[in-house]
Amino acid sequence: MLQFKAPKGTTDILPDVARRWQYLERKAAELFSLYGYEPIITPVFEHTEIFQRSIGMSTDIVQKEMYTFMDKGGRSLTLRPEGTAPVIRAYVEHNMNLLPQPVKLYYTGPMFRYERPQAGRYRQFWQLGIEAIGSDDPAIDAETILLMINYFKSVGLKELTLYINSMGCDKDRPAYIRLLKDYAGENREKLCKDCRKRIDLNPLRLFDCKEESCQLVMQDAPKMIDYLDEACKEHFNKVRQYLDMQSIVYIIKPELVRGLDYYTKTAFEVVSPLLGAQNAIGGGGRYNKLVEEFGGPPTPGIGFAIGTERLSIAVDKEGAFVSTDSKMDVFIAIADEAAKSAAINLLFALREAKISADIDYMGRSLKGQLKYADKRGFKYTVFLGSRELESGKVAIKNMETGEQIEVPLNELVDKLLEIIKQNQPSISQTID
RNA sequence: GUGAUCGUAGCUCAAUUGGUUAGAGCGUCGGACUGUGGCUCCGAAGGCUGUGGGUUCAAGUCCCAUCGGUCACCCCA
């Protein structure tokens, strides 16, 4: 029995899945840079206030999901529960407002949220995200949404549903919130006890309740989208126009309220039917007050985050990624101990020539070595023993056909290069 | 934080109504005439049955607790 296990809600990504994972990250880096994004890597923990101030004290994330701890210097630190706040903090800290705007950044890395694990939800989970900071142009909203959709397409996902909404801004939202509170207050008796608390704490969240009675009440509640001021309405319409121009199909979902307080104007979410209850595979929105919140100049911004494990699950279910179970090129079989050092020299010479190669390190018999080479899926086996060293000729065996040819020892590397070149892709080549 | 369900070798699973030293397949390792894989055959290693209590003459099988997995709620990626 194993004494140690990965902590609850965490998991090891074993080679089979790790291959798909790396593929997804590689495709993301390719596509994001095509759209002008540059990589950024921020710390995995931040000062706790970073998240309290940006995400919002009344949100579930801050109230019950953060991994917060004191370090030995008495600082309150928190393992980042999301990627946007740290990037904005970095933007302000490094005066990126002085760079040509907008500043486009992408990141990938682990996030941490203390929740009960379930399908597609972990305590340590990975996100792929982007942030475009500096522009309030609705065209960049559309580009952001488009980038996410195109990325999903590029890794083979179909049947995605895109929801969009507008959350208003600091000009029109306060009046709307009052309206919403009034409405909810009038219907207080019909709401569940959680929702009654939400009326004052976080009224937008009233729309999230799964209770039928609450949903019934909220159906007729005033929707933000109907109370946008002229500027926000215009912005939202422009975003829609740009999306329509690119033939992007979306559903306007007035109830879509992302669970982070910093969103303004455009909010969006993509769900996949291939996932379980946790079906949001990516989401994001605009955050025009966030830079100010961190002490920077008034600067608009927008971004999204994609859940890497949810994406990985969906891609797997879609069968969109065929694992290129990397076949090694050459196995060197040592026929007798006398040839061992010659074999090791050959091994490194092969690798020097970019031929993937390996050798037995377990003291197996020749037969055992062949079995091993077979199981590991080598394409060729080279036999090296005192016989070969004396005659100067070595045998190359094609492990698939069983054919064997003899070549002079001093031409072996060139010969192998030649053979490998004219045959199938090897481990050193990538497949899309 | 709430609820449901599960927990036997590395993996997938067995083990009559609680009853002798807990089994199989796959995998791993070794062998089947001395320098050659894939098929077949033989053999070996590997489990204090998640952990801790309890009931019983007797518990993998029943009860309680705890930890963990899975799924759902809350919420989100």
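Here the structure is a predicted model, which means the values were calculated and not measured.
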> Taking the side chain as C-beta and beyond, is there a heavy-atom pair between I281(A) and V271(A) under 4.5 Å?
Replying inline: no
> Between R121(A) and C75(B), does any side-chain N or O lie under 4.0 Å from OP1 or OP2?
Replying inline: no
>> Looking at D329(A) and R351(A), is any side-chain nitrogen of the basic one under 4.0 Å from a carboxylate oxygen of the acidic one?
In response: no
> Looking only at N and O atoms, is any donor in the side chain of K367(A) or the base of U36(B) less than 3.5 Å from an acceptor on the other one?
Replying inline: no
> A119(A) has a side chain; which of G35(B), C71(B), G38(B) sits nearest to it?
Replying inline: C71(B)
>> On the side chain of D374(A), is there an atom forming a donor-acceptor pair with the base of G37(B) - under 3.5 Å, no angle test?
In response: yes
>> When you compare the ring of F383(A) with the six-membered ring of G35(B)'s base, are the centres less than 5.5 Å apart and the planes under 30° from each other?
In response: no
> How long is the line joining CG of D336(A) and P of U36(B), in whole Å?
Replying inline: 12 Å
>> Rounded to whole Å, please give me the gap between CZ in F304(A) and C1' in A77(B).
In response: 12 Å
> Given Watson-Crick or G-U pairs with both distances under 3.5 Å, what dot-bracket string fits RNA chain B, with | for other-strand pairs and [ ] for crossing?
Replying inline: (((((((..((((.....[...)))).(((((.......))))).....(((((..]....))))))))))))....
>> Using the P atom as the point on both nucleotides, what is the distance between G3(B) and U49(B), in whole Å?
In response: 30 Å
> Stepwise, does the side chain to side chain donor-acceptor pair (under 3.5 Å) test hold for T299(A) with E292(A)?
Replying inline: CA-CA 7 Å; T299(A) 310; E292(A) 274 175 82; over 6 Å; no
> Between the base of A77(B) and the side chain of E269(A), is there any donor-acceptor pair under 3.5 Å?
Replying inline: no
>> Just to be sure I understand the rule, does K375(A) reach a base, reach only the sugar-phosphate, or reach nothing, if contact means heavy atoms closer than 4.0 Å?
In response: sugar-phosphate
>> Check for me whether R173(A) meets the cation-pi criterion with Y176(A), that is, NZ or CZ under 6.0 Å from the six-membered ring centre and within 45 degrees of the ring axis.
In response: no
>> On the nucleotide A77(B), are OP1 or OP2 found under 4.0 Å from the side-chain N or O atoms that Q127(A) carries?
In response: no
> Considering all heavy atoms of both residues, which atom of Y37(A) and which atom of E143(A) are nearest to each other, and what is their separation?
Replying inline: OH-OE2, 3.9 Å
>> Under 4.0 Å, counting only non-hydrogen atoms across every strand here, what does E400(A) touch: a base, just sugar-phosphate, or nothing?
In response: base
> Hey, are D336(A) and S386(A) close enough side-chain-wise for a donor-acceptor pair under 3.5 Å?
Replying inline: yes
>> In this structure, how many angstroms lie between the C1' atom of A72(B) and the CD atom of Q278(A), rounded?
In response: 9 Å
>> Heavy atoms only, 4.0 Å cut-off, all strands: where does G368(A) land among base, sugar-phosphate and nothing?
In response: nothing
> Have T108(A) and Q127(A) got a donor and an acceptor in their side chains that come within less than 3.5 Å?
Replying inline: no
> For RNA chain B, whose closest nucleotide is more 5', that of E65(A) or that of F378(A)?
Replying inline: F378(A)
>> Any base atoms under 4.0 Å from G9(A), or only sugar-phosphate, or nothing? Heavy atoms, all strands.
In response: sugar-phosphate
> Is E159(A) atom CD crowded by more than 12 heavy atoms from other residues, nucleotides or ligands, each under 6.0 Å away?
Replying inline: no
> Across the strands shown, which category fits A335(A) at heavy-atom distances under 4.0 angstrom: base, sugar-phosphate, nothing?
Replying inline: base
> E115(A) near the nucleic acid: base, sugar-phosphate alone, or nothing, with a heavy-atom cut-off under 4.0 Å?
Replying inline: base
>> As a test of reading the structure: which of C75(B), U70(B), A72(B) is closest to the side chain of P117(A), going by heavy atoms?
In response: U70(B)
> Nearest of C71(B), A77(B), G38(B) to any side-chain atom of Q118(A)?
Replying inline: C71(B)
>> Within the 4.0 Å heavy-atom criterion, would you say Y372(A) contacts the bases, only the backbone, or no part of the nucleic acid?
In response: nothing
> Rounded to whole angstrom units, what separation is found between the CG atom of N398(A) and the P atom of G38(B)?
Replying inline: 16 Å
>> Without decimals, in angstroms, what is the distance between I281(A) CD1 and C75(B) C1'?
In response: 18 Å
>> Tell me if the side-chain of Q404(A) makes a donor-acceptor pair with the base of U36(B), cut-off 3.5 Å, by modelled atom types.
In response: yes
> Cation-pi between R80(A) and F112(A): NZ/CZ under 6.0 Å from ring centre and within 45° of the ring axis?
Replying inline: no
> Side-chain donor or acceptor of R116(A) under 3.5 Å from a matching atom on the base of G3(B)?
Replying inline: yes
> G129(A) near the nucleic acid: base, sugar-phosphate alone, or nothing, with a heavy-atom cut-off under 4.0 Å?
Replying inline: nothing
> Does the base of G35(B) carry an N or O that pairs as donor and acceptor with the side chain of E388(A) under 3.5 Å?
Replying inline: yes
